[in-house]
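Note that these values count all heavy atoms, side chains included, but never hydrogens, waters or copies made by symmetry. The structure presented is a predicted model; accordingly, all values stated were derived computationally and were not measured.
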Amino acid sequence: MRNSRLLSVESWKRWLWSFVRIVLIVGLSFLILYPILQKISTAIKDKEDLYSPIVVWVPIHFTWDNFKQAITIMDYWDTLVNTFALSASTTILTAATCALAGYGFARLKFKGSNLLFAGVILTILVPPSTILIPLYLNLKDFTLMGLIPLLTGKSANLLNTYWPFILTALTANSLKAGLYIFIFRQFFRGIPKEVEEAAYIDGAGVGKTFSRIMLPNAIPAIITVLLFSFVWQWNDSFFTTTYLASGKVMSVQLAALPYNLNSLVSGGSTQSDPFYLSMVQDTGILLAILPLIIIYFFVQRYFVEGIERTGIVG
């Protein structure tokens, strides 16, 4: 009798825990999917459906005009290629430099290394807006420690080019670079030191050990950093709109989409329908995140494995 009661209590606990998990999963899924579903519903609506009291999700007048408008105004295909090139190049450079920095902090102990790593952690905590003005001025009058004016007679203006992103990626100072260095450091610290010691005994130096031994074992961390870096660079609107004010990349085109649409529809008049402008902008946002959704479908398994093995959760 007692055993049966214990089994009943255990079964009730399992059922309750399953119910709680289902509620949490459904709730989180709703929070994630609701904005996307709402934008899909808005993107396929005709302008007449905006003012129909009976239209909530499913439109009465189905149309692709919003997509055509957004693609034309954003110059979508050229913008897509430019954004992919920028995100891919900065992602590869960031992963390479942050892997080197993470390995140095994990294995190469030197005087002041802990202080430097504290600075890395500080870059994660401090908002990027605090250093925006000095960064902007340095890039506007870039001198490379006085070498450029010495050779050319004047400083270089790197704004409205890809150079700010390339230079920050090459120096492990790009968007969220502190987090990537932390991920690599944690992963390399988890690799047994005996693996490196065996390589040193065989005559391998630090560089060869890093490239031949450590990097092949760091594939999960590399995949995690590549995905994080690519998505954050793709979605970035803070630095991108600052450095590329007139560039054809997604964040810049999305920021200018309402103004460009207003100019196209009403010749710059302020009497344009704000609901229609919002509808086309939602369509542009949907087009901007669509490549990321497609990429995630192909790499989600590697992303989850990478997160688990880098130890940044749990």
Side-chain angles (χ1 to χ4, degrees), residues 21-45 57-59 62-64 66-71 74-96 98-99 165 169 174-177 179-180 183-184 187 215-216 218-237 240 248-254 257 279-314:
R21 284 192 298 177
I22 291 172
V23 170
L24 288 174
I25 292 172
V26 171
L28 290 173
S29 300
F30 175 78
L31 290 175
I32 295 170
L33 295 176
Y34 176 78
I36 299 176
L37 295 176
Q38 188 180 46
K39 282 176 173 51
I40 293 174
S41 174
T42 302
I44 60 178
K45 286 180 183 176
W57 286 97
V58 181
F62 180 87
T63 181
W64 292 105
N66 296 325
F67 285 97
K68 293 176 182 178
Q69 286 274 31
I71 288 173
M74 293 172 64
D75 197 3
Y76 182 72
W77 301 114
D78 287 342
T79 300
L80 183 67
V81 172
N82 293 338
T83 309
F84 186 86
L86 174 63
S87 299
S89 58
T90 55
T91 294
I92 293 171
L93 293 174
T94 297
C98 289
F165 305 96
S174 58
L175 183 65
K176 308 290 185 181
L179 176 62
Y180 309 146
I183 290 174
F184 277 118
F187 190 89
L215 274 185
I219 297 300
I222 293 172
I223 292 174
T224 301
V225 169
L226 287 174
L227 290 173
F228 274 148
S229 180
F230 186 87
V231 171
W232 272 325
Q233 179 60 56
W234 186 285
N235 292 329
D236 173 59
S237 60
T240 305
K248 283 189 177 182
V249 291
M250 284 295 177
S251 55
V252 175
Q253 294 292 70
L254 281 177
L257 181 58
M279 183 168 67
V280 178
Q281 187 173 26
D282 281 348
T283 307
I285 294 172
L286 186 64
L287 288 170
I289 65 176
L290 184 61
L292 299 179
I293 295 173
I294 295 173
I295 291 173
Y296 181 73
F297 280 141
F298 288 99
V299 300
Q300 58 176 324
R301 180 169 65 88
Y302 304 102
F303 177 70
V304 173
E305 290 177 357
I307 289 290
E308 290 176 348
R309 294 190 59 184
T310 50
I312 62 175
V313 294

| Mind checking whether Ile289 and Trp234 have side chains closer than 4.5 Å, heavy atoms only? | no
| Donor-acceptor under 3.5 Å (Ser251 side chain, Asn235 main chain) | no
| message | Whether the side chain of Gln253 engages the backbone of Lys248 through a donor-acceptor N/O pair (distance < 3.5 Å, no angle test) should be reported. | response | no
| query | Is Thr90 reaching over with its side chain to a backbone N or O of Leu86, donor-acceptor style, under 3.5 angstrom? | reply | yes
| Ser41 to Val58 - nearest heavy-atom pair and separation | OG-N, 4.5 Å
| task | Give a yes or no on whether the backbone of Lys45 and the side-chain of Asn66 come within a donor-acceptor separation of less than 3.5 Å. | result | yes
| Would you call Thr224 and Tyr180 a side-chain contact if the rule is heavy atoms closer than 4.5 Å? | no
| note | In short, Gly284 meets Met74 closest at the heavy-atom pair CA-SD, 3.8 Å
| task | Kindly state whether the ring of Phe230 and the ring of Trp232 have centres lying under 6.0 angstrom apart. | result | no
| What pair of heavy atoms forms the shortest contact from Ala218 to Phe187, and how long is it? | CA-CE2, 3.3 Å
| Mind checking whether Thr91 and Phe228 have side chains closer than 4.5 Å, heavy atoms only? | no
| task | Spell out, as yes or no, whether a donor-acceptor pair under 3.5 Å connects the side chain of Asp236 to the backbone of Thr240. | result | yes
| task | Please check if the side chain of Thr83 supplies one atom and the backbone of Met250 the other of a donor-acceptor pair under 3.5 Å. | result | yes
| task | Give a yes or no on whether Phe62 atom CZ has more than 12 heavy-atom contacts from other residues, nucleotides or ligands under 6.0 Å away. | result | yes
| Asp75 vs Asp78 side-chain heavy atoms within contact, under 4.5 Å | yes
| request: Determine the minimum heavy-atom distance between Gln281 and Leu257, stating which atoms define it. | output: CA-CD2, 3.6 Å
| field | Side chains of Thr94 and Ser174, donor plus acceptor under 3.5 Å | value | yes
| Do Thr42 and Thr283 have side-chain heavy atoms sitting under 4.5 Å apart? | no
